Visitor: 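Once you've had a glance at the structure underneath, I'll fire off some questions.
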2 protein chains.
Amino acid sequence: MDSSAALRIFREHLKRYVDFNEAEWILFSQHLNFAKLKKKHYFAESGKVCNKVGFIVKGSVRYFHIKDGEDITGYFSFENEFLSSYKSYLTGVPGHVYVQALEDSLLITFTRKDMDEMLNDPMLAYKMERFGRLIAEHYLICYEDRVTAFVTQTPEERYLELLNTGREILQRMPQHYIANYLGITPVSLSRIRKRILETVK
Amino acid sequence: MDSSAALRIFREHLKRYVDFNEAEWILFSQHLNFAKLKKKHYFAESGKVCNKVGFIVKGSVRYFHIKDGEDITGYFSFENEFLSSYKSYLTGVPGHVYVQALEDSLLITFTRKDMDEMLNDPMLAYKMERFGRLIAEHYLICYEDRVTAFVTQTPEERYLELLNTGREILQRMPQHYIANYLGITPVSLSRIRKRILETVK
DNA sequence: CTAAAACGTTAACAAAAGATAAGAATTTGG
DNA sequence: CCAAATTCTTATCTTTTGTTAACGTTTTAG
């Protein structure tokens with residue numbers, strides 16, 4: 001895929017959030033970069049400031065933390081989703097999360113510096129504030145739902161819900177990552193799956 | 001407390017996010033309402049669309065879900081924080097959460113309709129987009145941290161962290177609400193507390 | 001192609017959490 | 001002021017999860 005095809009995909013996706021006119025789009029796209037992220041390479045690392053946001057044109061990433069020497073997967077992103085170590089990007093403080101490509105991926109990125117320039121450019125400021133608001137609101141809802149699931153559901157219920165709504169995760173992610181994502185160990189998820197199979201029988 | 005004192009507090013708090021000039025502030029404040037919410041009364045209810053956001057000048061609220069006839073507390077808000085059934089407010093769809101005053105509370109509120117008017121008013125649009133963006137980013141970070149805690153920490157670790165960072169919750173909320181907030185039962189939290197006390201000895 | 005790594009299941013045991021109930025202490029709401 | 005409700009702890013029992021290790025299968029990387 002070439003850059004212009006990637007740009008088209010990105011622009012199409014952004015229509016959900018903001019409608020840039022031609023002049024605005026030209027200004028905006030001047031601040032965009034294209035990046036290939038090879039499998040297992042990092043978009044963000046714990047202990048480092050993440051100064052950019054990416055949009056996944058092709059590929060996928062996982063977010064993970066390292067605790068007691070073990071890595072624990074907390075989230076995934078796929079095509080047409082954004083990725084960043086958001087807290088670090090937003091606050092400028094080093095993050096605690098690793099964001100790693102799960103396959104060779106194609107990204108469109110912009111830096112915090114570019115975003116600040118756009119937020120300060122009278123030609124773009126309004127649209128960029130709006131863009132930022134709608135993206136943040138979108139992910140706020142995602143995280144709110146996830147917290148609710150942890151508070152109100154058992155691991156088994158969370159897995160059953162994933163069976164209904166998380167096709168992409170189920171199809172594309174190994175089971176031990178999914179277990180972490182659900183807040184349990186891989187062994188425990190294996191048992192839950194067995195339990196469900198026996199109940200269905 | 002009278003309305004103008006409440007307004008001053010609100011304006012002071014908003015400076016963290018947006019700096020309104022006098023003309024903007026006059027326009028903005030025309031869209032604000034003052035509301036007293038008596039203890040145990042609801043700001044939002046499951047099954048209903050929540051069409052407003054509030055700012056707590058005085059008081060506190062808890063968010064809870066009802067599952068199998070039991071209520072499960074998921075979150076709290078105190079003075080100088082916003083409250084809403086955000087997903088419902090943002091999407092216009094009925095929410096699944098109850099937001100209830102824990103004490104007689106004083107709120108400043110605005111409706112979704114008012115916010116939309118402001119977002120469409122050329123005099124205010126830019127500042128309101130910015131306001132919305134920064135608020136959403138703030139709560140996005142809160143929820144991201146919370147999800148990370150559920151994925152990477154045990155209930156005991158989450159409680160120990162609350163001991164370090166959650167003074168307000170610990171001091172103002174009964175223990176069984178805190179247990180729910182941590183994703184466990186009240187009985188389990190009581191045991192964790194006992195375990196910690198015995199370890200310290 | 002092949003050795004190494006990664007993945008998923010299962011087993012056995014320990015640790016933790018859920019469910020239920022009882023009882024004491026505290027708070028509450030007329 | 002007082003009865004009722006709430007809150008917290010504790011005990012008992014059951015269920016679930018964590019931990020560790022083993023094993024076969026699949027995937028990966030050189």
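A, B, ... follow the sequence lines: proteins, then strands. Residue 1 opens every chain. Predicted model, so just to flag it, every value in this text is computed and none were measured.
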Visitor: Where does the angle between the aromatic ring planes of A:Phe150 and B:Phe150 fall among parallel (under 30°), tilted (30 to 60°) and perpendicular (over 60°)?
Guide: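 The rings of A:Phe150 and B:Phe150 lie parallel, inter-plane angle below 30°.
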Visitor: Can you say whether the rings of B:Tyr89 and B:Phe110 are parallel (under 30°), tilted (30 to 60°) or perpendicular (over 60°)?
Guide: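 Because their plane-to-plane angle is over 60°, the rings of B:Tyr89 and B:Phe110 count as perpendicular.
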Visitor: Taking heavy atoms of chain B and a 4.0 Å limit, find me the 5'-most and 3'-most nucleotide of DNA chain D within that range.
Guide: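 Answer, 5' to 3': D:dT7 to D:dT12.
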Visitor: Reckon A:His176 has a side-chain N or O less than 4.0 Å from the OP1 or OP2 of C:dA6?
Guide: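 So the side chain of A:His176 is outside the cut-off, no N or O lying under 4.0 Å from OP1 or OP2 of C:dA6.
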Visitor: Provide, to the nearest angstrom, the distance between the CD atom belonging to A:Glu198 and the C1' atom belonging to C:dT9.
Guide: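 To the nearest whole Å, that distance equals 13 Å.
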Visitor: Validate the cation-pi geometry between A:Arg62 and A:Tyr177: distance from NZ or CZ to the six-membered ring centre under 6.0 Å, angle to the ring axis within 45°.
Guide: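 That pair qualifies as a cation-pi contact.
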Visitor: Angle between ring planes, A:Tyr17 versus A:His138, binned at 30° and 60°: parallel, tilted or perpendicular?
Guide: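 The rings of A:Tyr17 and A:His138 stand perpendicular, inter-plane angle above 60°.
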Visitor: If I take atom CD1 in residue A:Ile196 and atom C1' in nucleotide C:dT9, what distance separates them, rounded to the nearest angstrom?
Guide: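 Interatomic distance, CD1 of A:Ile196 to C1' of C:dT9: 15 Å.
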Visitor: Between protein and nucleotides 12-30 of chain C, map the contacts as a letter string: B base, S sugar-phosphate only, - none, heavy atoms under 4.0 Å, written 5' to 3'.
Guide: B----BBBB----------
Visitor: So B:Phe10 and B:Phe55, would you call those rings parallel, tilted or perpendicular, with 30° and 60° as cut-offs?
Guide: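 Answer is tilted, since the angle falls between 30° and 60°.
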Visitor: How are the rings of A:Phe76 and A:Tyr181 set to each other: parallel, tilted or perpendicular (split at 30° and 60°)?
Guide: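 A:Phe76 vs A:Tyr181 ring planes: tilted.
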Visitor: Run the ring pair (Phe, Tyr, Trp, His ring centres under 6.0 Å) test on B:Tyr75 and B:Tyr143 for me, step by step, so that the C-alpha distance in whole Å, both residues' side-chain angles and the decisive distance to 0.1 Å come before the verdict.
Guide: CA-CA 10 Å; B:Tyr75 200 59; B:Tyr143 278 114; 5.8 Å; yes
Visitor: A cation-pi test, strictly: NZ or CZ of B:Lys52 under 6.0 Å from the centre of the six-membered ring of B:Phe43 and no more than 45 degrees from its axis. Yes or no?
Guide: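 So B:Lys52 does make the cation-pi contact.
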Visitor: Of A:Pro186 and B:Gln175, whose nearest nucleotide on DNA chain D comes first from the 5' end?
Guide: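 Mapping each residue to its closest nucleotide by heavy atoms, the 5'-most match is B:Gln175.
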